[in-house]
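Here's the structure we're looking at; comments come further down.
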There are 2 protein chains.
Amino acid sequence: MSAPARRITIKEVAARAGVSKGAVSLAFNHKPGVSDATRERIFEAARELGWAPNLTARSLSNQQVGAVGLAICRPARLLGLEPFYMEFISGIESVLAERSCSLLLRLVRDLEEEIALQESWWKGRLIGGSILVDFHENDPRVPALQQLGLPAVAVGHPSLTGGLPSVWTDDATAAAEAVRYLAALGHRRIARVGGPTGLGHSAIRAAAFESTMRDLGLDGGRQVATGFAGEEGARATRSLLLSADRPTAILYDNDIMAVAGAGVAAEMGLSVPADVSLLAWDDSQLCRLTHPTLSAMSHDVHNFGTEVARTLFDVINGPVPASHQVPTPSLTPRGSTAPPPRTG
Amino acid sequence: MSAPARRITIKEVAARAGVSKGAVSLAFNHKPGVSDATRERIFEAARELGWAPNLTARSLSNQQVGAVGLAICRPARLLGLEPFYMEFISGIESVLAERSCSLLLRLVRDLEEEIALQESWWKGRLIGGSILVDFHENDPRVPALQQLGLPAVAVGHPSLTGGLPSVWTDDATAAAEAVRYLAALGHRRIARVGGPTGLGHSAIRAAAFESTMRDLGLDGGRQVATGFAGEEGARATRSLLLSADRPTAILYDNDIMAVAGAGVAAEMGLSVPADVSLLAWDDSQLCRLTHPTLSAMSHDVHNFGTEVARTLFDVINGPVPASHQVPTPSLTPRGSTAPPPRTG
DNA sequence: AGTCCTGGGTGAACCGGTAAAGCTTGAGTT
DNA sequence: AACTCAAGCTTTACCGGTTCACCCAGGACT
C-alpha cells in the first residue's frame, strides 16, 4: 500500500517554484498580483508535485465552507423505495458541483436528532447552509435554525415553513386537478391514500381534496392517512376496496403506494382501470413499468432539486431571496385511469 | 433573520471559564489534565455561550478528518429506482454516526470523473477514506487510488478489486442457487436479464449462470446484457418472450427489472407464474407489493453497508484488514415462480 | 535629478483549534 | 529541610492555507 508519503503543502510548491507561499495562493485563486510567467512556473511546480490545496486549511482561513447539509427523516427501508429522493439529490448536486461544493447527507430518526445534527454541522463549520425537507405544522426546526442563524432553504409551502425562504410545488392545485380529472371521467366515489397528516404537504393535499370534492358536489370522498411505505398503501387500499361503498378511483400520495394499490386490486380480482382507477403522485419510471401503466401527477423532480440548491446559494450569498414555486405537478394520464364501471 | 452574531470561539469560552484555551480543549476531548470542578465550569461556560468546536480547525490541527466519500456512477433517474443504494447508504451511515463522521456523496458520470473527484477529496483533506462500488474488470480506479494512497474499501469480488480490501457477496453461488432452483421446478429454458457485462458482478453472475446450466445438462440458457433500468429490463423481457423458443423462467439482476418484466408479461397476456416464472435479485419491499409477489434472491443490504463502513475504518486506522464476504443472497420463493406449463 | 506610480512580489499575522513541553503547587518521601 | 512527583494548568508552537501591509524596481513626469 504505497508509502504514506508525507503530504505536500503549499510551502514545498512555493520553494520549488522559487516564490513565497503568498504567490502560490494568489496564482491558485486566479487573483492578480503574479505575472503570467511566474503563474506558469507555479502551476508547473504544483503539477510536478501533485499538489492540491488543503481545503480544510483554506476554509479555516477564509471562513468559507464547501458543503451544504441535507438530513432526511424517514426510515431507510422506505427511502430506498421513494424514487423521489435520489432524483431530488441529483438535482441538488448538479448545482453544487458547479461551485465545487459537496453534499453532506444524513438519515435521521426524528426532528430532534435533525436539529442537533444541523446545529453541530453549523457550529462545527462543516456546512454553509442547509436544505430542509418534510415539514410538519409548527415545525420545531424553524425556530431552532432561525435561532442558530443557519442559512437554510425550506422545501415546502410557505404556510408551513415559517419565515424560511421556501421552494415548493403547488400541491393544492395539483390535488384539485387530480380530483377534477377523476370526476370528469365520471367517478363519484373517490378516495385518497395519503401520507401522515402531521406532514405538511399531506395535510395540504388532504384539504384540497376535501374542498374540491365539496365544490363538485360530491360527497363520496374518503381519505386514509398512512405512512409512505408500500405496505401501508397496500393495507389502506385493501380496506378501501373491501368497504361497502367501495371507491371507483383512488388517488395516492406517491407512486410506490400506487404500485402497491395495483397489486392489491389484482389480488382481489379487480381489474384496473375497468373496476377501479388509480392515480399516482411523483411520477417516476416505475409508473411506466407496471401493467397497466400508472396515470400520475408528474413533475420534474430533478429540476426541483436544482431550484432548491440555487435558492440556498442565494440565501448564503445575498440578501434573503423570495420564496418561489416550481411548476405544479401535472396530470399524466396513462393506463390506470378510465371511467368507472357502469354499475358504479 | 437574527443577527449574524460573531461566532464564538474557544477563546471566549476559556475566558468565561477563567482558564486557558488548552484547558478547554482538554475538557472537551475528555482527556485527563483538568479537575472535575474545572471541567464542569468549562462545560457550563460553553453551554451558556452555545459554543461547539470548529471542526474545520480541529481537523486541520489534529490531521484527522470527519468524513468518508462515496461516489456513485449511474444516472440519477436510474438510481432513484434502485432501492439498493439508499438502504446501503443507511447501513454505512449507521456506522459513521457512531464515530460522528459524515458521508460525502456524489453522483458522477464516469470513472474518470470519479477518479478526479476522489483525488480532490483526498488531497483537499475532505475525506479520510472512500468506498468504491460498481467495479469493472481492470478498473482504472484501483491503480489510481493506490497511487494516491487513499484508504479505500472496495465493494466487489476480490478478483475485480485488485489489491484493495474488499467486501462482497458471493454472487456466483447465489446465481447457481437460482438456476438450480428453477431447474428443480422443472424449467429447462431459463433466461437471465443482466446488467452490462462490463460491470464485474454482472459478469460473475453471467459466468455462474452459464456454468450451472451446463452442469445441469441444460442447453436452453440465454442471457441478455442490458442496463439496470426498468425500461431496458422491459425491452429485454419482451424480446425474450417473443422469441421462438421462449424461456419459461427468467432471472433478473435487480428487482426493478423484474417488476418491469412482470408488467411485460401481463401486457402480453402471459400469466405469472403459470406461463412464465420470474426471479428477482436484491430483494426489496417492492417484491412484496406487486401481484403476484416476486420471488427473489434476497440479502440484507443494510448490513452489507455497515460491514463495508466498518471495514473502511479498519483500513483507515490499522493495518490493512482482510477482505471478507457478507452472507450470500438466498432464495426467497414467493408468488412469481412455479413449475413451467405442461406444454413447455 | 527627484518624485510618483504601479505591477509583482514578500513576510508576518491570522483563522480556531490541538499537542507537547513547561510551570506551580501541595502532598509524600527520606 | 530538601527532594521528588504528580496533578492541574498555562504557554507556545504548530496545522496549511489566505490576506494585507509593505517593499522594491523601473518607467513616466516634472
Side-chain angles (χ1 to χ4, degrees), chain A residues 4-43 45-46 49-66 100 120-128, chain B residues 4-43 45-46 49-66 100 120-128:
Chain A
R6 227 187 54 47
R7 321 275 283 272
I8 47 168
T9 73
I10 199 174
K11 219 182 307 186
E12 275 109 299
V13 177
R16 175 175 262 255
V19 295
S20 68
K21 303 199 302 173
V24 178
S25 174
L26 256 13
F28 258 76
N29 293 297
H30 306 104
K31 293 192 179 174
V34 279
S35 68
D36 288 354
T38 320
R39 189 180 300 270
E40 197 37 63
R41 269 198 353 268
I42 292 175
F43 280 131
L49 294 171
W51 177 78
N54 179 329
L55 300 177
T56 305
R58 174 181 288 179
S59 92
L60 174 61
S61 173
N62 69 8
Q63 308 284 74
Q64 332 221 51
V65 297
S100 47
S120 74
W121 274 352
W122 173 240
K123 290 192 169 166
R125 308 306 195 282
L126 286 177
I127 58 172
Chain B
R6 228 187 53 47
R7 320 277 282 271
I8 47 173
T9 74
I10 199 173
K11 219 182 306 184
E12 276 109 297
V13 177
R16 174 175 262 255
V19 296
S20 69
K21 304 199 301 174
V24 177
S25 173
L26 256 12
F28 257 77
N29 292 298
H30 306 106
K31 293 192 179 173
V34 278
S35 68
D36 288 353
T38 318
R39 191 180 297 271
E40 196 38 62
R41 267 196 358 264
I42 292 174
F43 281 131
L49 294 171
W51 178 78
N54 179 330
L55 300 177
T56 305
R58 173 182 286 177
S59 92
L60 175 59
S61 173
N62 70 7
Q63 308 282 75
Q64 332 222 53
V65 298
S100 46
S120 74
W121 273 352
W122 172 241
K123 290 192 171 168
R125 306 307 194 282
L126 286 178
I127 59 171

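All values below were derived from every heavy atom in this structure, side-chain atoms included, with hydrogens, water molecules and symmetry-related copies excluded. Letters go in sequence order (proteins before strands), and every chain restarts at 1. Since the structure is predicted, the reported quantities are computational estimates derived from the model, not experimental observations.
Residue B/Thr38 has a polar side-chain atom (N or O) positioned under 4.0 Å from OP1 or OP2 of D/dC9. OP1 and OP2 of C/dC15 both lie 4.0 Å or more from every side-chain N or O belonging to B/Thr56. Using a 4.0 Å cut-off, no side-chain N or O of B/Ser61 falls inside it from OP1 or OP2 of D/dC15. Residue B/Ser25 has a polar side-chain atom (N or O) positioned under 4.0 Å from OP1 or OP2 of C/dT18.
Across D/dT19, D/dG8, D/dG16, the shortest atom-to-atom separation from the side chain of A/Asn62 is found for D/dT19. Residue B/Arg58 places its side chain closer to C/dG17 than to any other of D/dT18, C/dG17, D/dG8. The side chain of B/Lys31 has C/dA19 as its nearest neighbour among C/dT18, C/dA19, C/dG9. Here the side chain of A/Val34 is nearest to one of C/dG9, D/dT10, D/dG17, namely C/dG9. Distance from the side chain of A/Ala23 is smallest to C/dT10 among C/dT10, C/dT18, D/dC9.
If A/Gly33 and B/Asn54 are placed on DNA chain C by their nearest nucleotide, the residue sitting closer to the 5' end is A/Gly33.
For the helix from C/dA1-D/dT30 to C/dT30-D/dA1, the angle separating the two terminal helix axes comes to 60°, with each axis derived from five pairs and the value rounded to 10°.
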Applying side chain to side chain contact (heavy atoms under 4.5 Å, CB included), run through B/Asn54 and B/Arg7 and close with a yes or a no.
CA-CA 10 Å; B/Asn54 179 330; B/Arg7 320 277 282 271; over 6 Å; no
I'd like to know whether B/Phe28 forms a side chain to side chain contact (heavy atoms under 4.5 Å, CB included) with B/Ile10, so could you lay out the CA-CA distance, the side-chain angles of the two residues, the decisive distance to 0.1 Å, and finally the verdict.
CA-CA 10 Å; B/Phe28 257 77; B/Ile10 199 173; over 6 Å; no
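Here the CZ atom belonging to A/Arg125 is positioned 9.0 Å from the CG atom belonging to A/Leu60, to the nearest 0.5 angstrom.
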